[in-house]
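Naming convention: chains lettered A, B, ... in sequence-line order (proteins, then strands); numbering from 1 in each chain. Remember, it's a predicted structure, so these values are computed and weren't measured experimentally.
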Amino acid sequence: MPELPEVETVRRGLQPVLEGRRIVTLEQRRPNLRIPFPIGFAGFVEGRRVTALRRRAKYLLIDLEDDQVLICHLGMSGRMVVLPAGSNQPPDKHDHVVFTTETGERVVYNDHRRFGLMTLTTARDEASHPLLASIALDPLQPGFDADHLSARLAGKKTPIKAALLDQRVVGGVGNIYASEALHRAGISPRRQATSVAGKRAQRLVPAMVDVLNEAIAAGGSSLRDHRQASGELGYFQHSFRVYDRTGEPCPTRGCRGVIDRIVQANRSTFFCGACQR
DNA sequence: ACGAGAACCTGTTTGC
DNA sequence: TGCAAACAGGTTCTCG
């Protein structure tokens with residue numbers, strides 16, 4: 001599910017419920033997600049106040065009292081949904097973690113594929129944490145400009161589409177927004193990454209920034225699993241220009257092409273062979 | 001060192 | 001209709 005816009009949507013939705021509030025109980029309903037939960041996880045979190053909610057690329061970072069940091073990743077199918085105080089909704093089979101705050105609201109982490117994870121670190125060790133240390137700037141961070149991007153892509157022989165999915169090259173971009181940004185920039189997903197420099201990089205940076213910001217404004221894209229923290233669907237999927245639109249006419253003005261699907265690095269890529277070069 | 005492909009897990013859709 | 005294959009928003013490991 002979640003690329004940068006979906007994680008940011010969840011972060012913003014959780015903020016009013018969690019920030020400044022104490023977590024009274026943490027119910028851990030299985031031993032592991034993609035990786036095991038830390039030993040004593042629930043007891044460690046319980047009783048601590050949340051001081052801030054941050055996002056690093058596709059990671060949600062929950063700052064706790066005493067400079068502790070709860071690292072969350074939603075994988076492909078993870079959701080974090082808020083239940084109001086007093087709700088007695090029975091747990092789903094894939095509700096793996098339930099936080100209850102001092103005001104009685106609950107935050108439920110549900111993830112049927114379990115590609116997500118939760119673990120702990122400290123503010124001091126965050127930058128060197130193995131999960132976070134090699135993540136590149138995301139396109140919405142200061143300093144992400146054409147020069148920065150072409151420097152990250154320099155020397156890479158892999159296709160640009162695959163390079164954009166590599167979190168060590170660009171943070172936060174996943175399969176949907178890589179295809180969408182390349183289409184907006186008129187760049188072929190097959191083009192060697194190293195050749196995306198100069199004018200092409202100058203087109204690709206605003207294409208990425210715009211598509212990510214538009215998707216955040218729409219609450220993310222709900223193909224199957226994504227929900228906002230409120231439980232509502234995102235609706236950016238209605239604004240896709242190429243993703244999952246195989247065979248449809250290319251939406252680029254004046255282009256007579258048709259959207260095509262290919263497989264790169266085991267992932268679907270959608271593009272127009274006529275206007276993307 | 002780099003890039004391609006498989007693996008992780010469950011659920012849904014597609015095709016024969 | 002039924003069953004098997006393909007596919008899904010991500011990451012990480014192995015292999016060549």
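Within the 3.5 Å criterion, the main-chain N or O of A:Ile35 finds no donor-acceptor partner in the side chain of A:Asn32.
The number of heavy atoms from other shown groups lying within 6.0 Å of CZ (A:Arg29) is above 12.
For the C1' atoms, the distance linking C:dG10 with B:dA1 amounts to 23 Å, nearest Å. A distance of about 16 Å separates the C1' atoms of C:dA6 and B:dA6, rounded to the whole Å. Nucleotides C:dT1 and B:dG11, compared at atom P, are 24 Å apart to the nearest Å.
Screening residues 46-88 of chain A for ring pair (Phe, Tyr, Trp, His ring centres under 6.0 Å), with sequence neighbours left out, gives A:Tyr59-A:His73. Judged as a ring pair (Phe, Tyr, Trp, His ring centres under 6.0 Å), the pairs with a partner in residues 244-277 of chain A (not counting sequence neighbours) are, in order, A:Tyr243-A:Phe270. For the ring pair (Phe, Tyr, Trp, His ring centres under 6.0 Å) condition, no pair includes a residue of residues 151-174 of chain A, sequence neighbours left out. Sorted pairs that involve residues 153-197 of chain A and meet ring pair (Phe, Tyr, Trp, His ring centres under 6.0 Å), not counting sequence neighbours, are lacking altogether.
In this structure, A:Glu19 does not pair ionically with A:Arg49, as no charged nitrogen and carboxylate oxygen lie closer than 4.0 Å.
Among C:dG10, C:dT12, C:dC7, the nucleotide with an atom closest to any side-chain atom of A:Leu131 is C:dT12.
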Return a table of donor-acceptor pairs under 3.5 angstrom between the side chains of residues 195-202 of chain A and protein atoms on other chains or two or more places apart.
| residue | atom | partner | partner atom | Å |
| --- | --- | --- | --- | --- |
| A:Ser195 | OG | A:Arg191 | NH1 | 3.0 |
| A:Ser195 | OG | A:Gln192 | O | 2.8 |
| A:Arg200 | NH1 | A:Ser195 | O | 3.2 |

Hey, can you pull the donor-acceptor pairs under 3.5 Å for the side chains in residues 124-144 of chain A, sequence neighbours left out?
| residue | atom | partner | partner atom | Å |
| --- | --- | --- | --- | --- |
| A:Asp125 | OD2 | A:Thr122 | OG1 | 3.4 |
| A:Glu126 | OE1 | A:Arg54 | NH2 | 2.7 |
| A:Glu126 | OE2 | A:Arg54 | NH1 | 3.1 |
| A:Ser128 | OG | A:Asp125 | O | 3.2 |
| A:His129 | ND1 | A:Leu131 | N | 3.0 |
| A:Asp138 | OD1 | A:Leu140 | N | 2.8 |
| A:Asp138 | OD1 | A:Gln141 | N | 3.2 |
| A:Asp138 | OD2 | A:Arg55 | NH1 | 3.1 |
| A:Gln141 | OE1 | A:Asp138 | N | 2.8 |

Please table the atom pairs, donor to acceptor, closer than 3.5 Å between any side-chain atom in residues 85-94 of chain A and protein atoms at least two apart or in another chain.
| residue | atom | partner | partner atom | Å |
| --- | --- | --- | --- | --- |
| A:Ser87 | OG | A:Gln89 | N | 3.4 |
| A:Asp92 | OD2 | A:His94 | N | 2.7 |
| A:Asp92 | OD2 | A:Asn110 | ND2 | 3.2 |

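Using a 4.0 Å cut-off on heavy atoms, none of the residues of residues 207-219 of chain A approach DNA chain B.
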Next on the checklist: Pairs counted only when both distances fall under 3.5 Å, Watson-Crick or G-U: show me the 5' to 3' dot-bracket for DNA chain B, [ ] for pseudoknotted crossings and | for other-strand partners.
Outcome noted: .|||||||.|||||||

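For A:Phe37, the ring pair (Phe, Tyr, Trp, His ring centres under 6.0 Å) criterion is met by A:Phe41, not counting sequence neighbours.
Two residues are said to be in side-chain contact when any heavy atoms from C-beta on lie closer than 4.5 Å; A:Leu64 and A:Thr51 fail this criterion.
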Listing time: all N or O pairs from protein to nucleotides 2-6 of chain B that are below 3.5 Å?
| residue | atom | partner | partner atom | Å |
| --- | --- | --- | --- | --- |
| B:dG3 | OP1 | A:Lys157 | N | 3.1 |
| B:dA4 | OP2 | A:Thr158 | OG1 | 3.1 |
| B:dA6 | N7 | A:Asn266 | ND2 | 2.8 |

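Across A:Arg21, A:Arg22, A:Arg48, a single residue satisfies salt bridge (charged side-chain N to carboxylate O under 4.0 Å, His left out) together with A:Glu65, and that is A:Arg22.
Straight-line distance from the CG atom of A:Asp166 to the P atom of C:dT12: 10 Å, rounded to whole Å.
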Checklist outcome for this item: Per-nucleotide protein contact along nucleotides 9-16 of chain B, 5' to 3', at a 4.0 Å heavy-atom cut-off (B base, S sugar-phosphate only, - neither), is BBS-----

